[in-house]
Protein chains: 2
Amino acid sequence: MPQTPAARYRLLTTPKLPEAAAQLQASFRRRELVIVAGDCQCRYSGRASSSLGPGERVVIVKGDGSVQVHRPARYEPVNWQPPGCILSVSLDGALRIRAYRPKQNETLDLIFESVMFMVSFKPVDRAEFNLYVSEEQMRDALVSDPSILEAGLRLLEFERKVEPGFIDFYGKDVDGRLVVVELKRNLAGKDAVLQLKRYVDAVSASTGVHVRGVVAAPGLRSGAQEALAALGLEFRKLTPRRCAEVLERRKTRRISEYLP
Amino acid sequence: MPQTPAARYRLLTTPKLPEAAAQLQASFRRRELVIVAGDCQCRYSGRASSSLGPGERVVIVKGDGSVQVHRPARYEPVNWQPPGCILSVSLDGALRIRAYRPKQNETLDLIFESVMFMVSFKPVDRAEFNLYVSEEQMRDALVSDPSILEAGLRLLEFERKVEPGFIDFYGKDVDGRLVVVELKRNLAGKDAVLQLKRYVDAVSASTGVHVRGVVAAPGLRSGAQEALAALGLEFRKLTPRRCAEVLERRKTRRISEYLP
DNA sequence: ATTTACATTTCGGGG
DNA sequence: CCCCGAAGTGTAAAT
């Protein structure tokens with residue numbers, strides 16, 4: 001008879017509370033990932049305070065000291081702690097888990113009346129996560145090929161610092177006029193327009209010449225349209241997809257440079 | 001011998017993929033909460049794109065059609081979908097879960113090579129969640145008793161609408177001067193100061209008289225201090241805790257009105 | 001350590 | 001439905 005492979009996880013089904021407490025202790029010490037499902041109350045106190053009466057929830061405690069309490073619906077946990085918590089377990093009729101986060105001096109208490117099931121293990125996961133086309137990558141694409149915004153546009157300075165922050169793109173257009181570009185990966189709202197206005201004003205004040213202000217984004221929110229018009233600024237469409245194409249092309253070129 | 005209580009959850013330990021697929025199908029149809037742990041890859045495509053190679057992860061699918069993929073560390077899931085997904089399962093050597101979200105036209109694919117364990121159930125959770133001292137509650141406290149900000153301050157208008165948005169608090173001080181208050185629950189930064197400045201300018205333009213601008217917050221970020229000074233605005237300390245006291249006091253008063 | 005800006009932000013409220 | 005802004009925002013990069 002073949003042997004059972006070494007258990008990759010420890011599982012308790014409908015455990016008594018002392019048994020659950022013991023396994024929690026051990027798992028926290030070993031920095032395992034723990035999933036606990038059962039009837040629990042939650043109290044949080046820190047930057048704010050919250051309370052949540054009894055109900056069946058799923059709790060995940062990770063080896064980095066982060067905690068999340070999930071209800072039957074909603075993407076976000078109803079209560080949580082970011083990484084870096086000091087975890088402790090106690091038993092006094094109920095099973096209590098305390099996650100204290102020194103960084104913000106905040107405490108999350110979970111009080112279990114019963115545990116349906118509980119699993120602990122150390123997931124093996126060394127893969128690298130890759131996300132494509134962030135706003136930064138869109139900026140790279142624009143710097144790499146300013147013509148994707150308008151023909152004849154040239155880069156003058158990369159991440160130019162002015163009074164309130166950094167300009168995404170600072171250049172000259174085909175007629176030699178200064179251009180300040182405010183780049184947004186998502187639909188641009190009023191806030192983006194006002195931010196651009198401040199950059200334009202700052203550059204205009206320091207150079208003494210007229211400066212074009214351009215919002216580059218996949219589209220505009222409705223309020224932004226009026227704001228642009230009122231402030232004499234422009235919009236040009238630039239999508240993450242288009243930028244991805246430019247970046248892909250550039251990568252291909254780089255490779256081809258090494259070919260005979 | 002006491003009977004086992006009706007199973008509150010269905011659990012599979014190290015299932016074969018077809019078995020896992022069948023249970024997933026059933027659970028998705030019943031809108032249960034499902035936890036799957038195993039070796040999986042992830043591909044996301046929608047507002048952005050991402051890919052993540054194989055590794056052991058914990059996946060939670062909720063009855064509302066939200067999905068999250070958790071790695072051994074980090075509070076936030078590495079991949080996810082908010083509620084409202086159409087879920088499908090297929091089997092072709094690997095076990096594939098697809099979560100498609102029509103609202104944003106985005107797709108998350110999870111490809112399991114193996115499943116360590118899997119649990120499905122419908123958590124019973126009807127408790128009400130209460131969060132104390134949000135920014136809105138701080139505003140309520142300030143409206144209820146403006147003197148917590150400064151002696152003699154009176155409310156003129158609640159959520160007054162001006163050009164770019166709503167003023168948190170609009171009133172008159174002890175000397176009859178107009179006061180615009182920008183309220184922040186956390187430390188106020190430069191952004192809050194600039195927002196206030198816009199409101200002050202708008203009110204000043206429409207009334208033609210001088211307007212005081214006050215940032216009310218638990219404290220100031222460093223940059224905000226200078227910005228305040230430069231723009232001729234003021235800061236007054238207001239903490240969530242102080243507001244909680246006012247709200248508590250008001251509640252007590254309300255009750256006492258009904259006492260003989 | 002603190003500040004700043006981004007996020008596949010999510011989420012709720014109001015028009 | 002979209003728009004807007006708060007969040008116990010979390011997170012990483014820059015100062």
Side-chain angles (χ1 to χ4, degrees), chain A residues 42-50 66-69 73-84 99 101 103-108 129 131-139 159 161 164-166 168 182-192 195 219-226 240, chain B residues 42-50 66-69 74-84 99 101 103-108 129-139 159 161 164-166 168 182-192 195 219-225 227 240:
Chain A
C42 311
R43 314 236 164 268
Y44 158 76
S45 174
R47 286 170 289 180
S49 304
S50 75
S66 63
V67 182
Q68 37 199 303
V69 181
R74 307 206 47 168
Y75 159 69
E76 295 189 328
V78 63
N79 277 117
W80 73 93
Q81 289 281 39
R101 195 158 75 112
K103 191 168 209 165
Q104 291 268 8
N105 189 28
E106 53 192 354
T107 305
L108 176 61
F129 178 70
L131 178 69
Y132 305 107
V133 199
S134 59
E135 182 168 306
E136 186 185 2
Q137 287 174 309
M138 287 182 70
R139 190 169 47 67
E159 285 213 331
K161 178 89 172 75
F166 287 93
D168 288 324
E182 175 64 25
L183 181 63
K184 287 292 163 194
R185 206 184 66 80
N186 293 328
L187 295 184
K190 244 180 329 197
D191 53 343
Q195 194 177 345
L220 287 178
R221 293 260 165 70
S222 60
Q225 184 64 269
E226 311 156 18
Chain B
C42 312
R43 315 238 166 265
Y44 158 76
S45 174
R47 289 169 286 182
S49 305
S50 75
S66 63
V67 181
Q68 37 199 301
V69 181
R74 306 209 48 168
Y75 158 69
E76 295 189 329
V78 63
N79 277 119
W80 73 93
Q81 289 281 39
R101 195 158 74 112
K103 193 169 206 162
Q104 293 268 6
N105 189 29
E106 51 192 355
T107 306
L108 177 60
F129 178 70
N130 284 305
L131 178 67
Y132 305 108
V133 199
S134 58
E135 183 170 304
E136 186 185 2
Q137 287 174 310
M138 288 181 69
R139 189 170 47 68
E159 284 215 331
K161 178 89 172 75
F166 287 93
D168 288 324
E182 176 63 26
L183 181 63
K184 287 290 163 196
R185 206 182 63 81
N186 293 326
L187 296 184
K190 243 181 327 198
D191 52 343
Q195 195 176 345
L220 288 178
R221 295 262 164 71
S222 58
Q225 183 65 270

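Chain A is the first sequence line, chain B the second, and so forth, proteins listed ahead of strands; every chain is numbered from 1.
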Kindly point out which of [options] is positioned nearest to the side chain of [X]?
{"X": "A:Arg47", "options": "D:dG8, D:dA12, C:dT10", "value": "D:dG8"}
{"X": "A:Tyr44", "options": "C:dT8, C:dC11, D:dG8", "value": "D:dG8"}
{"X": "A:Phe166", "options": "D:dT15, C:dT8, D:dG10", "value": "D:dT15"}
{"X": "A:Asn79", "options": "D:dG8, C:dT4, C:dT8", "value": "D:dG8"}

Report task. Examine the side chains of B:Gln137 and B:Tyr132 and answer whether a donor and an acceptor come within less than 3.5 Å of each other. Result -> no
**Report entry** Modelled atom types, side-chain donor and acceptor of B:Gln68 and A:Tyr75, under 3.5 Å
**Finding:**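 Looking only at side-chain atoms, A:Tyr75 and B:Gln68 do not form any donor-acceptor pair under 3.5 Å.
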To the nearest Å, give me how far apart [atom1] ([X]) and [atom2] ([N]) are.
{"X": "A:Gln104", "N": "D:dG8", "atom1": "CD", "atom2": "C1'", "result": "8 Å"}
{"X": "B:Glu182", "N": "D:dA6", "atom1": "CD", "atom2": "P", "result": "7 Å"}
{"X": "A:Glu135", "N": "D:dA12", "atom1": "CD", "atom2": "P", "result": "17 Å"}

[N] OP1/OP2 closer than 4.0 Å to side-chain N/O of [X]:
{"X": "B:Arg221", "N": "C:dT2", "answer": "no"}
{"X": "A:Arg185", "N": "C:dT8", "answer": "no"}
{"X": "B:Trp80", "N": "C:dT9", "answer": "no"}
{"X": "A:Lys184", "N": "C:dC6", "answer": "yes"}

Query raised in the report: What does C:dG13 pair with, Watson-Crick or G-U, if both distances are under 3.5 Å?
Result: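 Matched C:dG13 with D:dC3 under the 3.5 Å cut-off.
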